[in-house]
Every structure is written in structure tokens, then in C-alpha cells.
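Chain letters run A, B, ... following the sequence lines, proteins first and then strands; every chain starts at 1.
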Amino acid sequence: MTTPQLDKVYDPKAVEARWSQIWNERGYFHASPTHPGQPYCIVIPPPNVTGSLHVGHALNHSIQDILIRWRRMQGHNVLWLPGTDHAGIATQNVVEKQIVAEGVSRESLGRERFIERVWQWKATSGDTIIRQQKRLGESCDWDRLRFTMDEGLSKAVREVFVRLYEDRLIYRGERLINWCPRCLTALSDIEVEHENIKGKLYSIDYPLEQDPTIRLPVATTRPETMFGDTAVAVHPEDPRYNRLIGQRVQLPLTNRTIPIVGDAILVDREFGTGAVKITPAHDFNDFDAGERHGLPSLPVFDRQALLDRQGLKIAGVDQAVIDVVAALPAIKARPKIQELLKDRALLTKVDDHPMAIGKCYRCKTVVEPYLSPQWFVKIKPLAEPAIQAVEDGRIRIIPEGWTNNYLGWMREIKDWCISRQIWWGHQIPAWYCRHCNKDLIIEDAAASASAAQSPRLTILQGATPIVGKTAPSICPRCAGQQFMQEPDVLDTWFSSALWPFSTLGWPEQTPELKTYYPTSTLVTGLDILFFWVARMIMMGLKFMGDVPFRDVYIHALVRDAEGQKMSKSKGNVIDPLHVMEQFGTDALRFTLASMASPGRDIKLAEERIEGYRNFANKIWNAARFCLMHLDGPRTATAPAERTFPDRWILSRLNQTVQLVTSELEAYRFDRAANALYQFIWHEYCDWYLELIKPTLQNPASPYAPGTRQTLVETLETTMRLLHPFMPFLTEEIWHTLPHQGESIVVQRFPIPDATWAAPEMGQRFALLEQTIGLVRTSRILLNYPPGQQITFYVAHNDPQQQDHLDPLRSYFAHLGRGTVNLASTTHWPTGNLLRLVMEGLSVGIAVAGDVDLNNALDRLIKQQSEQTKEIERLEGKLRNQEFAAKAPAEVITDHQERLTNLRRDQTMLASSEQQLRTMLGT
RNA sequence: GGGCGGAUAGCUCAGUUGGGAGAGCGCUGCCCUUACAAGGCAGAGGUCACAGGUUCGAUCCCUGUUCCGCCUACCA
């Protein structure tokens, strides 16, 4: 037979591109409800269509691909469904930047043409990340690629919206929401990131209307909002102030007076001055307090969070003050207001005060509470079943430590603001009759204070929406036929929430939906547990009547080698594409898998990836070794008939198959990867391949056919075991080995084979390993020159040792460096023989020539003292009566055995020392 | 403020029923031995954060402390 030749060094580039193409061409990844096998389905967390593959994706996708390839090989009917997310705000920002660079503003382009631009952009560069995913070897069913704004998904979105509206779970209301003054849109609560900063607490005196000499000191961190105050609150049981309740104070810098109210919820008597200003239009607490006391809201910021001239005027602010602060952002207005108050001797104190501010998760601008009409999902009724599903185990969160996080958040959940004042996204399917609502629809181009502001369309609170899957043709109230659609679009996460069923065809009852829903596992990072996972659970239960997935596997965040979050601005980003180019895709995948231990972030350093590149190369060379030794007959005798090294490696292989399988079942990718690494490198390569060389190189050996068989059988099985982790390398090698079938992708995953099991081989191997180790150590510490022949004697009072000496003897003969002779412990040859001891084994070395006996003596003495310490420790323990009485029997036996061995070693060490000293003449 | 996680070799981390402290990388020494120098062999290196407690015995269980990280939060 002709033996295929492999290059000395593995070159991933050539191999990866080739297989990636073949796999896709042959349709191995294509799923069908009619395929046999138990369904196993993963829907990918759709990456932003704007995106390119970062290392977080690489981890997330590698894990999914491991699961998918593993289950496919196990014979499941596998579907890994890919797709991308339209990512409303993010994408709009990207395209907007582009057109601004061309000198065009979004507003001047207009809504329709802008959206066209985004689609264009998506068509040209939206599949970047898809190409990169293929590069990573992801075995998705690319024929089923979905996009959160494609037609089917849009249909699902409208269906869900309408049904939730009809169930009164969606409503429109004017409430205080989080507003990003840069993106000019509402945000949901979780789209706000909190950051701790050093702020100040200002104490401002509000003079009493009745008697301006009496002043109520009010504490605030944001003096610039004071113009919107509509009351001051004190604690009703605070003896300092409670008699003032019902009176009015003069609001400084304005012509207004505002009431003093008592409010036990808002006011903490211990904090600040004990008196709080109430600004319902600009603070969430104050908004609630305002509702409790029936106070009006006076907005004084515009939507860019600049102090609004018109608003200030309405709020009765002194004209001189308006002239100073109008159109300033809060951060600039604050010192000016501080000055004005100081001039009037009303600012009494400024203290340092740690506080938290909210920032937009997309653009990091400080968000502002903003009063506006928005659409909300009433969330409690949806959250209840979603809590239950996790509590009763229908959904399992892994690692389970995150379960409480999930439950805690779900129990505290607040209504979800789903409307966004942007253009790119699913436009809300609600229409307003122009006739009925003519006073409530304001098309306002003139209100723009600056050029940056667009002419805007506002639909005031109180307008009557008509919600439906399509535009209405006639108004049910006035029979009008002119409508305008709600300009707002839905939160991106609204469509993402439907992903597990919308991608399978819902609302149609497709065979896919029937076969693959509920999906099997969701693989995701913690950062989108609430954004996405929780909402999928709620929507899945509501619209499918069943959970969207069984297991949620939450993986770590990838950080840089110093533990910093990777970000472009810090310049510490590890680019997976660059890494794949440099070290190979398999090395990257294996690295990420091996570091994916639960509950810990991954600190990724390139050296680590390099290490696994070396691992890939090691495997490559093991395969070369195999191929070089394949010529000649192979017979597949029963494992029990084969030689000791063969039986040993098969039994270790068997254990590794078991271990890798059980670790994958437990989502312990790190341990599965480490088990593979350990087995392949340190057992198969370091020991097995070395031990069988004498057999393979001896043409007369009767064992050669069995060993050749074991050699290739083990490697072939190992390739299948490793394939989910390193798909390219294993495919390439598998094809060079004798094999049946056209691709490793569709081979069966190894299953444990009872005929391979031979646990007793483990003990025998340990003995062999120790003997060889001792021989090697002896050689080193005697400084035997390399290449010089050396004669070892190994004691064989134990029949098992006799057995393992054959491979030992041929091993050393093979190395051409030494010979191994047998000796009975009672019959050591005489002469310059140095005996060395380890763990009950005794090896003798016939000392000849120029060797370093002093080094050996030092080492011997050190070993003796270490052993003495250990003996004393064990003796003391065994003498302890309570230990004898309470410790388990096997622990005691174990200790006694160890002690016996140590004592025997000690005796032999002592005689070695004697001999050495004699030889040295000391 | 509340909750969770972490602290083990120079670095990154394993260590699941409490009984001799491990791996990878790095480091030191020797070796280009016909699979692999992206390699082989041998070795150095750790009062398992600190203080108590439970136990015959604690890296492991409990309590407290310190430091770090994350999530969450309307103390103005």
C-alpha cells in the first residue's frame, strides 16, 4: 500500500479553507425535520449585523459548535440555526456616521431614504461576520440564515405585538423614561449602565413665603433641575419641619412658590438636610412622589438635555437667569447656578457625595429621565410563568449559581419600555386617524433649537392608536381614511425575544417548529441574561406554551491577559481573525474551550494559544509517525490478546472516551479539553509511541500486527473524540488514516468499549513509568555522559515487575544507550553497583567511568531527610488513638502501606548511601 | 446599599462526597535520539489571602476580616 506523506509541520491555512468549503458544499450541516434521530437544536445568539467577529463571539460560537458537532456525531437530528440581529441603535449609529462623513444629515435624507441606505449597507457588508463564522468552522445550517428584520420575523413581531396589545399587555403611556440625549431615544431600564462617580451634595435655602427670614434648607445633587421643582418634601414626623407642611416656599431664581408636603417614602430624615425638592419631570422618585401628591410636572430640559428656554419661561424662571443658563447642558449650567445662588446667599453647603449616574449602553452618554409618551409591555403577568419555569426545573441554568440572579431580577421586574425614537427597526404597528387626532399629532419643524435637531413628529398622550397587523383602511370612529403610522420603532430586543420560534417559522405551524421547538441548549454570556434570555423565556411561554430551551449555558467574559475588559479604545483587543491566521483556527478553539471553566472570566493571552498550536502540531506528528509505520499486516485481535502497552493505551483511551463524554454532558469544556490534551500528549505520544517503537522496528516481532492495529485504531478513535474541538486538524488526519466514510463530520462519536477496559494495566503502567523514571533520574544525577552505554539492574522480587521488564528492556535497547538486566533483590551483582530507590522500586546502576558520585550523594541525603519527615508524620498519625478509632479503614490501610514502602525505601537508601561513601572513599 | 463570585507555584488556572498539594505556560540543566527543537528528558518553585471555629484530621465545612471582580440599586 502507498503511505500518504505529511509535511513535518502542520499548516492550518491550507487545510482549513479546503475543508470549510467541502463541508458546506456537501451539505453536512443542513438539517431537516425528516432526518432520523432525536432533535438537538441550538439557535445562535444573533450577532449584530454591524459586527465583526470578536473574541467573545469566538468563545460563544466555539462552545456551540462543540456541542453541535458532538451531538451530530452521536446521531442526533441536529440543527444549529444562524442569523444576525438588526441592532437598531447600533446600526443606525454606524450608518449615520457614514452619511455624516459624506456631509449628509439623517434628517435631510429623510426616513425612507435613510432606511434604504441601511439596507444597502447591510447588503454590502452585513455578511462580514457570517464569512468570519464560517472561517471559525461553525457548522451552522447556513441555508436557514435568518435576520431579525426579514419578512418572516417581521410578521412574527407584528403578530406578537398585536396579540399582546389585545391582551392588554402592551399599552401606551406618558411616563418618565430613560432618555439618551445623543441617540435621542428612550431606553429601557437595563439599557442604562450605572457608573459610580464622585458627586456633590448641595444645600440650598428655600425661603418661606410667609416669612422669608425663615429658610428651609433643601439638599440636592442636581441643582440645575431646581427650576422644575413643584414642591419640597419633608418627613411628616420630623419635628424640625413638620409644622411647615402645607405652607409654601419661594423657589429661588424664579417667581414661583411651591408647597411643602409631607412624604415618608421619599424623605430620609437622617440624610442631607432632611428636606427634598420634588422635580417630577426629571427624577424617577420625584415622579412617583408627584403622583402621590398630585403635583404638576415642569420639564426644563429639552430632548438633548439642554436647559430649555421655553420650559424655563413656563417654569417662571427669572429672565436674567434664563439668559445665563438657557441651552446649556447640565454639567455647564451647574456652576453658573451655583454662582447665582451664592450671590443671593442661598447656597449654604457643598459636600462631597458619592453617587451613581446612568449611561447609554450604546454610546455612553449620560442618560436623562425624560417625560414622554412611550409604549410599554406590562411585564408582571409574563414574568410569573418565566419564574416558575426556572423554579420547577423546566429550564436549567448552568452554572446554577446564576439562577438566583435570574429569579431575583425577574421578581423585581418593571414594565418594559419598548418604543424607540429611531428609524431603523420594526416600526410599531399602530396607526392614528389624522382626523380624530388632529390636535394631538404635531409635526414640528420650527421647534428645533439648533440645526442638529430634526423636524420631529410628536404624537401626544391621549391620541387613540389603532393597532393591527396591517394599516387600517377606515377609522372606526369617524370613518376617516387618512392615517399616520406610529413613528417609533420597537426595541431591538423585542424581536430578539421571539428568536427561538420566529426563526422556525412561527406563526406558521411549520414542521421545523414542531421538530425543533423547544430548542435544546442556549449558549450565551451573562451580559445578555436579562436583555435576551429572560425575555425569550417570557415570550416562548406566552406564545408557544412551552419553554424556548431546556438548558441555558452561561459562559464567561473574555478579558485580556491583565484581566481588563477588551475594548477598541484600550487597544487590548485580541482579534480572533488575526489569531486564526497566526496559530490556526483549531488552536484558538481549543484554547477557548480549555479555559471555559465556570464562574471565572477568561484571561486570554496569546502565549496560551501558541501552546495549543504546538499541541496541534504534536498531533500532526503523531499522525506522521503512524503513517510511517503502517506498512505491514495489521490484525485486530481481541484487546486481551495484545501486548501490555497496547492493552494499556486502549484502556486509557476507553477511560478518556468516558471522561470526555461525561464532561461534555456536564458542560465542562475545560475538563474535556484537558483530558484530551493529557491523553494525547502525555500518554499516547510520550509513552505509548515510545514503548512500541522496539516492536514496530523489529521485523520479526510477532506482536507487530497487533500493535500496528492498536496504533492506528487509537489514533483514529482519538480523532473522532477530538473532532468537536479541533474540526479541521482531525478531518485532515482522519483522511490520511485508514478509514471508511467520506468525512469525520458524519462519523460516530466514540463510545466506551468494555473490551478495551483493563484497569489492572494502570497499575502495571505506573510501575513501569516509575522504573524508567528512576533509571532516567539516576543517569542524570550521576552525570553520565550522553551516548555512553550504561547498565541497569532492576530488582524483580515482584512477579509483576518481571512482566513489565520486557518493554523496559526493549525500550532501553531501542535507545541504544543502555541495557537492562534482571537481578533478584537477594542477588545483586557485586562490584561498583549503585542502588537507587523510589516507591518500593530498586534500580541498580553499574557505575563505570567518569561519573558524579557527589551529586548522587547529595541527592540521596536530601531524599532521605524528606522521607524521614514523612515517616514521622505518618507514624504520629497512626499512633493517634482517635485517628485509629475514627478514620475510615481504607485511609488507615493506605497510610500503613505508604509507611511500609517508605521504610523499605529508607533501608535501601541507607545501603545506597553506604555504597556511595565507600566508592567515594569518605 | 443589597446579592454573587474569586483569593492555591513567577503567570493563567484545575482540585464535587474533609485523609499524601496538581496542570499548562514561564524558569533552570542536559539532549538536534530516524514522528515532532512548535520537540525530548530531568529539575527548582507553594505556612492553598488572614484570624478564629467544627473535626482524630481542613485548600475543602462554618463565622469574621482584608483585597479584587461582577451583577443589581431611585438615598435626594
Side-chain angles (χ1 to χ4, degrees), chain A residues 6 8-10 190 194 201-202 218-222 225 233 266-268 270-279 283-289 353 355-356 358 369 399 401-402 404-405 408-409 412 526-527 529-530 557 559 561 563 583 587 594-595 597-605 607-608 610-629 668 670-671 674 677-678 681-682 685-686 689-690 693 697 772-773 776-777 779-781 783 785-787 814-817 859 870 873-874 877 880-888 890-892 894-895 898:
Chain A
L6 300 182
K8 211 167 170 180
V9 173
Y10 174 55
I190 50 176
H194 294 273
L201 185 64
Y202 303 83
V218 170
T220 179
T221 53
R222 303 197 55 196
T225 63
L266 185 66
V267 182
D268 173 359
E270 310 299 319
F271 186 85
T273 58
V276 191
K277 66 195 204 55
I278 299 180
T279 322
D283 183 281
F284 289 101
N285 286 322
D286 294 6
F287 184 78
D288 293 343
H353 179 64
M355 53 187 280
W402 298 119
N404 282 335
N405 237 356
W409 188 76
E412 298 293 312
L526 183 68
D527 48 341
L529 181 63
F530 304 140
L557 186 72
R559 300 171 172 277
F583 299 116
S594 75
M595 298 185 81
S597 50
R600 210 188 264 259
D601 284 346
I602 296 177
K603 291 183 194 167
L604 188 63
E607 296 79 61
R608 193 73 181 223
E610 190 182 353
Y612 288 115
R613 186 271 313 262
N614 296 352
F615 177 52
N617 196 50
K618 186 77 179 176
I619 299 168
W620 182 254
N621 278 289
R624 287 181 67 220
F625 177 86
C626 262
L627 295 176
M628 285 175 191
H629 295 282
R668 288 303 300 262
D670 57 330
R671 295 206 290 212
N674 291 337
Y677 186 92
Q678 176 69 24
W681 198 316
H682 297 305
C685 291
D686 285 353
L689 295 188
E690 295 303 330
K693 278 175 183 172
Q697 287 165 9
I772 290 177
R776 283 170 176 164
T777 309
R779 192 178 180 110
I780 295 244
L781 56 93
N783 269 341
H814 160 75
L815 288 182
R817 292 291 171 72
R859 175 61 184 275
E870 182 65 6
R873 199 182 68 83
L874 285 173
K877 217 166 159 183
N880 185 317
Q881 291 192 347
E882 283 188 279
F883 174 75
K886 291 178 184 172
E890 67 261 24
V891 172
I892 295 176
D894 176 72
H895 280 45
R898 267 158 50 200

### Atom pair CG (A/L689) and NE2 (A/H629), whose distance is rounded to the nearest 0.5 Å
8.5 Å

### Query
Where the side chain of A/E690 is defined as all heavy atoms beyond and including C-beta, which of B/rG20, B/rU55, B/rC36 is the nearest nucleotide?
B/rC36

#### Entry: Nearest-Å distance once atom P is located in both B/rC62 and B/rG18
11 Å

### Task
Would you kindly check whether a donor in the side chain of A/K8 faces an acceptor in the base of B/rC36, or vice versa, at under 3.5 angstrom?
no

### Message
Please determine whether any donor N or O and acceptor N or O are separated by less than 3.5 Å between the side chain of A/R776 and the base of B/rA42.
### Response
no

### Query
Taking the side chain of A/T220 as heavy atoms from C-beta outward, which of B/rC74, B/rA76, B/rA35 is closest to it?
B/rA76

### Query
Across the strands shown, which category fits A/P369 at heavy-atom distances under 4.0 angstrom: base, sugar-phosphate, nothing?
nothing

### Task
Measure the spacing between CG of A/L627 and CG of A/N621 and express it to the nearest 0.5 Å.
11.0 Å

#### Entry: Base paired to B/rG45 (Watson-Crick or G-U; both N/O distances under 3.5 angstrom)
none

### Interatomic spacing from CE in A/M355 to CG in A/L201 - rounded to 0.5 Å
9.5 Å

### Summary
Under a 3.5 Å limit on both distances, the Watson-Crick or wobble mate of B/rG52 is B/rC62

### Given B/rG15, B/rC56, B/rG19, the nucleotide with the shortest approach to the side chain of A/N880
B/rC56

### Task
Hey, which sits more toward the 5' end of RNA chain B by its nearest nucleotide, A/R873 or A/L266?
A/R873

### Task
Remember a base hit wins even if backbone is also touched, and classify A/G358 as base, sugar-phosphate or nothing at under 4.0 Å, heavy atoms.
nothing

### Message
Can you confirm whether A/S594 sits close enough to A/Y612 that some side-chain heavy atom of one is under 4.5 Å from a side-chain heavy atom of the other?
### Response
yes

### Query
Considering every strand shown, what is the Watson-Crick or G-U wobble mate of B/rG20 when both distances are under 3.5 Å?
none

### Task
Flag the pair A/T225 / A/D283 as yes when at least one side-chain heavy-atom distance between them is below 4.5 Å, and no otherwise.
no

### Touch class at under 4.0 angstrom, heavy-atom based, for A/V267 against every strand present
base

#### Entry: Proximal nucleotide (of B/rG40, B/rG29, B/rA35) relative to the A/D686 side chain
B/rG40

### Nearest-neighbour nucleotide for the A/D268 side chain, B/rG39, B/rA76, B/rU12 considered
B/rA76

### Message
Among B/rA76, B/rA35, B/rG19, which nucleotide has an atom closest to any side-chain atom of A/F883?
### Response
B/rG19

### Query
Which nucleotide in the list B/rA73, B/rU12, B/rA76 gets nearest to the side chain of A/H194?
B/rA73

### Task
Go through B/rG40, B/rA42, B/rA76 for me and flag the one nearest to the A/W681 side chain.
B/rG40

### Task
Check the distance between B/rA35's P and A/L627's CG and give it to me in whole angstrom.
13 Å

### Query
Out of B/rC71, B/rG29, B/rC56, which has the shortest distance to the side chain of A/N405?
B/rC71

### Message
Can you work out whether A/C685 or A/E610 has the more 5'-proximal nearest nucleotide on RNA chain B?
### Response
A/C685

### Query
At under 4.0 Å between heavy atoms, what does A/E870 touch on the DNA or RNA strands: base, sugar-phosphate, or nothing?
sugar-phosphate

### Task
Side chain of A/N614 only, please: which of B/rU55, B/rA38, B/rG15 is the nearest?
B/rA38

